[in-house]
Undergrad: 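This structure is in structure tokens; I'll ask about it shortly.
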Amino acid sequence: MTGDAADEVDLTDPVLASEAELAFEGALRPRSLAEFVGQTRVRGQLQLLLTAATIQQRTPDHILLAGPPGLGKTTLAMIVAHEGGRPLRMSSGPAIQHAGDLAAILSSLVPGEVLFIDEIHRMARSAEEMLYLAMEDFRIDIMVGKGAGATSVPLDLAPFTLVGATTRAGLLPNPLRDRFGFTAHLEFYDEAELEQVLARAATLLGLDIDREAVAEIAGRCRGTPRIANRLLRRVRDYALVHTDRADLSAVRAALDLYDVDELGLDRLDRAVMQIILTRFGGGPVGLNTLAVSVGEESETIEAVVEPFLVRIGLITRTPRGRVATPAAWRHFGLASGETALPIDDL
Ligand SMILES: Nc1ncnc2c1ncn2[C@@H]1O[C@H](COP(=O)(O)OP(=O)(O)OP(=O)(O)O)[C@@H](O)[C@H]1O
């Protein structure tokens with residue numbers, strides 16, 4: 001029932017098999033705005049910005065893409081380059097720890113190039129300041145020499161479009177945020193959109209899957225295409241090994257095996273909820289306390305776990321911390337104030 005490329009590689013060779021998985025990841029990325037599912041508003045806004053730039057034969061304005069991981073920020077950056085027939089350079093905030101790192105990238109850009117900086121909020125402060133001038137005037141000042149004899153030498157850059165991506169737009173300093181011509185806020189996808197993402201991916205993977213199986217995955221992938229695609233691959237594996245058919249029962253069995261519950265909560269989500277509900281009687285609980293309690297970075301809790309739990313109505317954010325809602329008590333089968341299973345038993 002599967003006829004995808006993975007079947008044609010020797011799956012006993014771990015290197016070839018994992019390369020095939022990576023190749024799938026690449027093949028699943030939509031290449032044009034028309035192929036990109038959902039985010040209708042953002043797509044319309046981007047389309048206008050790109051078309052206007054093409055008419056005026058100039059580089060498009062700088063674009064900031066904000067939103068939780070896996071919603072398509074990298075994909076959109078690739079589309080911006082692809083639609084305009086422009087080369088793309090990819091970097092990330094953590095890789096730019098000195099102004100010199102950024103100067104090296106900026107000075108080697110070719111005219112019209114799209115520079116994608118993922119996790120731009122994690123770039124070094126000194127590089128951020130260099131970026132202000134680069135974005136506004138396509139120019140940087142390079143310091144030559146040290147101490148009293150140091151001089152700054154201006155260097156003209158090729159016109160470029162910066163596409164920045166961030167899971168935490170609030171962490172960007174205002175002068176940087178203001179220099180983007182357009183900020184796109186990506187939203188979680190609804191189930192109908194995720195079904196489209198999954199149907200497209202199943203076709204590309206050559207996977208024959210039932211409609212109701214697609215709907216079940218769409219309801220359990222946290223509104224996130226990357227997770228939808230990942231769960232689809234695990235369902236494909238399950239069907240390959242156990243049932244030879246990607247139907248509803250295969251989806252349920254595969255997702256149970258991978259600890260994804262019917263709301264799409266994974267182990268970390270459940271650990272966070274369990275801490276709020278049982279150790280803190282429903283909250284409020286501060287972000288750092290939560291992070292320490294579950295042994296995760298507070299950034300991961302804030303950028304990955306919390307937006308989804310808020311969106312599905314299991315927690316609310318208050319000035320004093322995170323609070324569980326009545327729906328959360330119900331989902332975990334607890335009465336308010338009850339102590340539940342230890343976290344390891346979840
Ligand atoms: N709108 C979409 N339609 C179809 N597939 C999508 C869409 N958005 C994302 N995807 C798929 O989800 C995967 C993750 O997308 P992408 O890497 O662009 O997310 P991201 O927001 O950049 O995540 P991160 O912030 O973690 O880097 C991609 O492989 C792509 O196939």
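First listed ligand is number 1; within each ligand, the first listed atom is number 1. Computed over heavy atoms, backbone and side chain alike; hydrogens, waters and symmetry mates excluded.
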Undergrad: Roughly how far, to the nearest 0.5 Å, is the CZ atom of R252 from the CG atom of D247?
TA: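 Going from CG on D247 over to CZ on R252, the span is 10.0 Å.
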Undergrad: Can you name the closest pair of heavy atoms from Q97 and R122 and give their distance?
TA: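 Distance-wise, the nearest heavy atoms are NE2-O, 3.4 Å.
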Undergrad: Pick, from E119, Q39, K73, the option with the minimum heavy-atom distance to atom 25 (O) of ligand 1.
TA: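 It is K73 whose heavy atom sits nearest to atom 25 (O) of ligand 1.
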Undergrad: Looking at P69, which atoms of ligand 1 are within less than 4.0 Å of one of its heavy atoms?
TA: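 Every atom of ligand 1 under 4.0 Å from some heavy atom of P69: 23 (O), 25 (O), 26 (O).
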Undergrad: At a non-hydrogen distance cut-off of under 4.0 Å, which region of N229 contacts ligand 1 (side chain, backbone, both, or neither)?
TA: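 Answer for N229: side chain.
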Undergrad: Give the table of side-chain donor-acceptor pairs shorter than 3.5 Å for residues 108-118, with sequence neighbours excluded, one pair per line with atom names and distance.
TA:
residue : atom : partner : partner atom : Å
S108    : OG   : R89     : NH1          : 3.1
S108    : OG   : R89     : NH2          : 3.3
S108    : OG   : A104    : O            : 3.1
S108    : OG   : I105    : O            : 3.0
E113    : OE1  : V110    : N            : 2.8
E113    : OE2  : R89     : NE           : 3.4

Undergrad: Are the side chain of R270 and the backbone of D259 linked by a donor-acceptor contact shorter than 3.5 Å?
TA: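 Side chain of R270 to backbone of D259, a donor-acceptor pair under 3.5 Å: yes, one is there.
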Undergrad: Tell me whether the count of non-hydrogen atoms from other residues, nucleotides or ligands lying under 6.0 Å of CZ in R211 goes above 12.
TA: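 No, because the 6.0 Å sphere around CZ of R211 holds 12 heavy atoms or fewer from other groups.
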Undergrad: How close do A246 and L207 get, heavy atom to heavy atom, and via which atoms?
TA: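 Looking at all heavy atoms of both residues, the closest pair is CB-CD1, 4.3 Å.
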Undergrad: So which bit of P30 gets within less than 4.0 Å of ligand 1, heavy atoms only: side chain, backbone, both or neither?
TA: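 Looking at P30 and ligand 1, just side chain atoms fall under 4.0 Å.
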Undergrad: Nearest to atom 6 (C) of ligand 1, what protein heavy atom do you find, and at what distance?
TA: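 For atom 6 (C) of ligand 1, the nearest protein heavy atom comes out as P225 CB, 3.7 Å.
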Undergrad: Between L71 and ligand 1, is there a nitrogen or oxygen pair with a distance under 3.5 Å?
TA: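 Min N/O separation from ligand 1 is below 3.5 Å for L71.
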Undergrad: I'd like to check whether R226 has a polar contact with ligand 1, where a contact means an N/O of the residue lying under 3.5 Å from an N/O of the ligand.
TA: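 Right, the criterion is met.
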Undergrad: In terms of residue, atom name and distance, what is the protein heavy atom nearest to atom 30 (C) of ligand 1?
TA: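 Of every protein heavy atom, T75 OG1, 3.9 Å lies nearest to atom 30 (C) of ligand 1.
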Undergrad: Below a 4.0 angstrom heavy-atom separation, can you tell me which part of L28, side chain or backbone, both or neither, approaches ligand 1?
TA: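 Both of them.
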Undergrad: Between NE2 of H331 and OG1 of T325, what distance do you get to the nearest 0.5 Å?
TA: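 That separation rounds to 11.0 Å.
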Undergrad: Could you go through F160 and H62, starting from their C-alpha distance and side-chain angles, then the distance that decides it, and tell me whether this counts as ring pair (Phe, Tyr, Trp, His ring centres under 6.0 Å)?
TA: CA-CA 8 Å; F160 67 99; H62 306 301; 5.5 Å; yes
Undergrad: Near D118, which atoms of ligand 1 are under 4.0 Å from a heavy atom of that residue?
TA: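 Those atoms are 27 (O).
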Undergrad: Identify the closest protein heavy atom to atom 29 (O) of ligand 1: which residue and atom is it, and at what distance?
TA: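 Its nearest protein heavy-atom neighbour is E25 OE2, 2.8 Å.
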Undergrad: Tell me which protein heavy atom sits closest to atom 3 (N) of ligand 1, plus the residue, atom name and distance to 0.1 Å.
TA: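 Nearest neighbour among protein heavy atoms for atom 3 (N) of ligand 1, to 0.1 Å: V37 N, 3.3 Å.
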Undergrad: Tell me which one of A228, G67, A77, G72 gets a heavy atom nearest to atom 19 (O) of ligand 1.
TA: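 The option holding the nearest heavy atom is G72.
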Undergrad: Name the closest protein heavy atom to atom 23 (O) of ligand 1, giving the residue it belongs to and the distance to 0.1 Å.
TA: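 Nearest protein contact, heavy atoms only, for atom 23 (O) of ligand 1 is G70 N, 2.8 Å.
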Undergrad: Using a heavy-atom cut-off of under 4.0 Å, does the side chain or the backbone of L186 touch ligand 1, or both, or neither?
TA: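 Looking at L186 and ligand 1, no heavy atom falls under 4.0 Å.
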Undergrad: Applying ring-ring contact (aromatic ring centres under 6.0 Å, His included), can you list everything that pairs with Y189, at least two apart in sequence or on another chain?
TA: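 Partners of Y189 under the ring-ring contact (aromatic ring centres under 6.0 Å, His included) test: none.
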Undergrad: For residues R317 and E302, determine if any side-chain heavy atom of one lies less than 4.5 Å from a side-chain heavy atom of the other.
TA: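 Yes. Closest side-chain heavy atoms under 4.5 Å.
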